[in-house]
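Model, not experiment: these values are computed from the prediction.
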Amino acid sequence: MRSFSTSWVKWVCAGMLLAAPFTTFSVVQAESPLAPKQTVMEQISQLPPKAKQLVEDAVEFFSMEDIPVNVQITSEGGDTWQIHIDLKSDEYSRKTTPQAVYMNLSKGGKLEQLDLAWKDEGKDSTLDKNQALRAAADFAEEVLGGTMAAGKDTNSHASRVVKVPLYPIVNGITVEDEVAYVMIESSGQIRSFRWVDHAINIDRLPSASGIIALEQAKRAFADQLALELVLDDENGVLQYAASPYRGIDAKTGEAIALTYHYSDELLTLKEDKEPSSLTVEKVKKLSSTYAGLQEAGLKVSTSRTVHPDEAATTSYTATDGASTITLFLDEKTGELLSIQTDEREEPTLPRFTTTRTEAKKRALQFLEDFVHMKKGEYLLRERYLNEDNRRSDDTVGYQLDVFPIHNGVRAAKPILSMEFEREDNVLSKFTTRSFEWHLAATAAVVAKEAAKEKWLEAMPIELHYIFPEVDSPKAEQAKLVFVPAFHAESRSMNAASGEWLETSDW
């Protein structure tokens with residue numbers, strides 16, 4: 001079973017470390033005669049130089065260097081080290097300082113594992129991928145010594161945790177092949193770090209000689225870059241948004257194909273669509289038909305949440321003992337707001353069973369059966385895996401986003417998004433947002449071609465090694481590619497001023 005639960009069992013790691021058998025060990029605690037001093041820096045002097053430096057870097061990164069803590073160090077033969085650091089008092093706990101840190105270090109001072117416990121895990125925060133990427137990049141630079149780079153392709157787990165892959169840097173060039181990852185809470189706090197059991201054959205990376213010039217690569221992006229006028233309905237601002245792009249082959253100047261395909265179609269509703277309110281029986285049907293829960297033994301519980309400044313919500317939690325999902329409804333309107341996967345059993349079906357046709361059929365049927373929508377025009381945007389080019393770490397096989405359209409301009413952000421797992425066509429995520437068209441006046445906008453030039457000028461690009469066909473027999477054939485330093489979806493441009501904008505939720 002794989003769990004996507006956002007709950008954090010804070011003391012498991014410490015218990016596992018202390019219960020593990022060791023041939024030789026030494027334990028140092030803050031209150032013991034062996035370690036009368038209070039700060040971390042004063043208690044880790046027994047560590048080898050490289051291990052000591054790494055712990056110092058981590059302690060400084062998490063702002064724990066000057067506050068009273070308990071430190072426990074366990075060693076096996078002086079080759080591996082386990083460090084447990086926790087605050088002496090909650091009064092020192094703050095957003096940048098965890099309550100406890102657990103570190104496993106191997107011979108030579110290499111960080112093998114890191115787990116953190118926080119007083120406030122950001123359970124009510126909104127997931128911000130840009131914030132998560134920055135946190136992972138800062139961790140890689142300041143704690144891991146700049147030997148790895150944070151990847152842009154993130155995976156969300158549950159609704160409030162994001163996994164950011166870490167790529168090795170070889171001869172100053174990032175290799176887009178995951179060797180480790182960082183789990184980030186929605187609040188931007190780091191939850192854990194892990195290595196992936198995977199090695200890169202450096203000898204098979206192509207030479208960096210004979211590549212095109214940086215300016216030539218940037219101009220080649222002009223053929224890939226397509227801008228679309230959209231409306232930020234939350235702020236009443238017209239923007240230019242870019243269609244997704246991937247990179248330019250550094251030796252040929254040719255465009256690199258996207259891992260995902262995109263397809264748009266229009267939907268016109270001539271009247272409001274308001275499905276009947278959910279009941280326990282309907283929740284059971286939804287859970288078994290779309291979310292993959294087993295109908296036999298399915299149990300549903302309900303609860304109510306009231307916030308002073310928000311509409312009251314009713315939640316239904318459905319579980320079959322192995323998998324659990326929670327549905328959130330607007331209590332007044334009965335509208336389904338979101339579905340959160342709390343825990344999910346590992347699929348037993350063969351891999352790659354989801355097809356675009358099957359997933360789209362299920363997605364449209366779900367819209368018909370359970371989703372409230374006002375009359376008007378909508379853009380349906382499909383995002384689905386290229387069957388000939390499947391990334392081994394992608395879990396989502398199909399995604400459908402719904403954008404309202406007003407006077408021929410779509411909203412910048414979808415009002416509804418759903419994702420289906422690639423292995424078993426199960427609905428793993430469903431989110432909605434409220435929206436209202438708001439544009440004070442029809443503003444003059446920068447011409448699309450001029451906006452395109454501004455976009456290209458402001459877009460930093462980097463030289464990376466990538467593996468275009470991860471699951472193919474040619475998986476070892478890396479390519480040198482010029483790639484943007486960020487996803488197209490993570491940026492937009494003010495259509496009136498040409499100002500560069502960062503998109504918070506993409």
For the side chain of [X] and the backbone of [Y], is there at least one donor-acceptor N/O pair under 3.5 Å apart?
X      : Y      : answer
Asn104 : Gln82  : no
Thr147 : Leu144 : yes
Ser287 : Ala291 : no
Lys273 : Val371 : yes
Asp320 : Gln294 : yes
Thr432 : Ser338 : no
Trp455 : Leu227 : no
Gln224 : Gly247 : yes
Trp195 : Leu111 : yes

Regarding [X] and [Y], is there a side-chain donor-to-acceptor distance under 3.5 Å anywhere?
X      : Y      : value
Glu274 : His372 : no
Asp369 : Gln365 : yes
Asp115 : Gln113 : yes
Ser315 : Ser303 : yes
Arg383 : Ser263 : no

Apply side-chain contact (heavy atoms from CB on, under 4.5 Å) to Glu377 and Leu269, showing your working. CA-CA 6 Å; Glu377 283 191 306; Leu269 295 180; over 6 Å; no

Any idea which heavy atoms bring Ser192 and Leu116 closest together, and the distance? N-CD1, 4.4 Å

Please assess Glu112 against Arg194 for the test salt bridge (Lys or Arg N to Asp or Glu O under 4.0 Å), listing each intermediate value before the final yes or no. CA-CA 7 Å; Glu112 295 289 347; Arg194 293 288 188 278; over 6 Å; no

Distance check, rounded to the nearest 0.5 Å: [X] atom [atom1] versus [Y] atom [atom2]?
X      : Y      : atom1 : atom2 : result
Phe430 : Leu400 : CZ    : CG    : 10.0 Å
Asp330 : Leu336 : CG    : CG    : 10.5 Å
His261 : Tyr398 : NE2   : OH    : 13.5 Å
Glu419 : Leu427 : CD    : CG    : 9.0 Å
Arg304 : Thr302 : CZ    : OG1   : 11.5 Å
Lys282 : Tyr316 : NZ    : OH    : 10.0 Å

Passes side-chain hydrogen bond (donor to acceptor under 3.5 Å, both in side chains), Asp401 versus Gln399? Steps please. CA-CA 7 Å; Asp401 294 329; Gln399 178 176 327; 3.1 Å; yes

Please tell me whether Tyr262 and Tyr384 form a close aromatic pair, meaning their ring centres lie under 6.0 Å apart.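 Distance test on ring centres: not under 6.0 Å, no.
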
Assert yes or no for the condition that the ring centre distance of Phe403 to Tyr378 is strictly below 6.0 Å. no

Count the heavy atoms of every other residue, nucleotide or ligand shown that sit under 6.0 Å from NZ of Lys361, and state whether that count exceeds 12. no

Decide if atom NZ of Lys285 counts as having more than 12 heavy atoms of other residues, nucleotides or ligands within a radius under 6.0 Å.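 12 or below, so no.
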
With a 4.0 Å cut-off on N to O distance, would you call Lys429 and Glu421 a salt bridge?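 Salt bridge flag = no for Glu421 with Lys429.
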
Would you call the rings of Phe193 and Phe139 parallel, tilted or perpendicular, where under 30° means parallel and over 60° means perpendicular? tilted

Yes or no on side-chain contact (heavy atoms from CB on, under 4.5 Å) for Arg433 and Lys413, after CA distance, side-chain angles and deciding distance? CA-CA 9 Å; Arg433 72 174 181 94; Lys413 302 176 184 178; 3.6 Å; yes

If the condition is salt bridge (charged side-chain N to carboxylate O under 4.0 Å, His left out), which residues does [X] pass it with, not counting sequence neighbours?
X      : answer
Arg410 : Glu228
Lys360 : Glu265, Glu382
Asp264 : Arg381

Should Val237 and Leu231 count as side-chain neighbours, where that means a heavy-atom distance under 4.5 Å?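 Not in contact.
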
Non-hydrogen side-chain atoms of Thr317 and Thr324 separated by less than 4.5 Å: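 Yes, their side chains come closer than 4.5 Å.
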
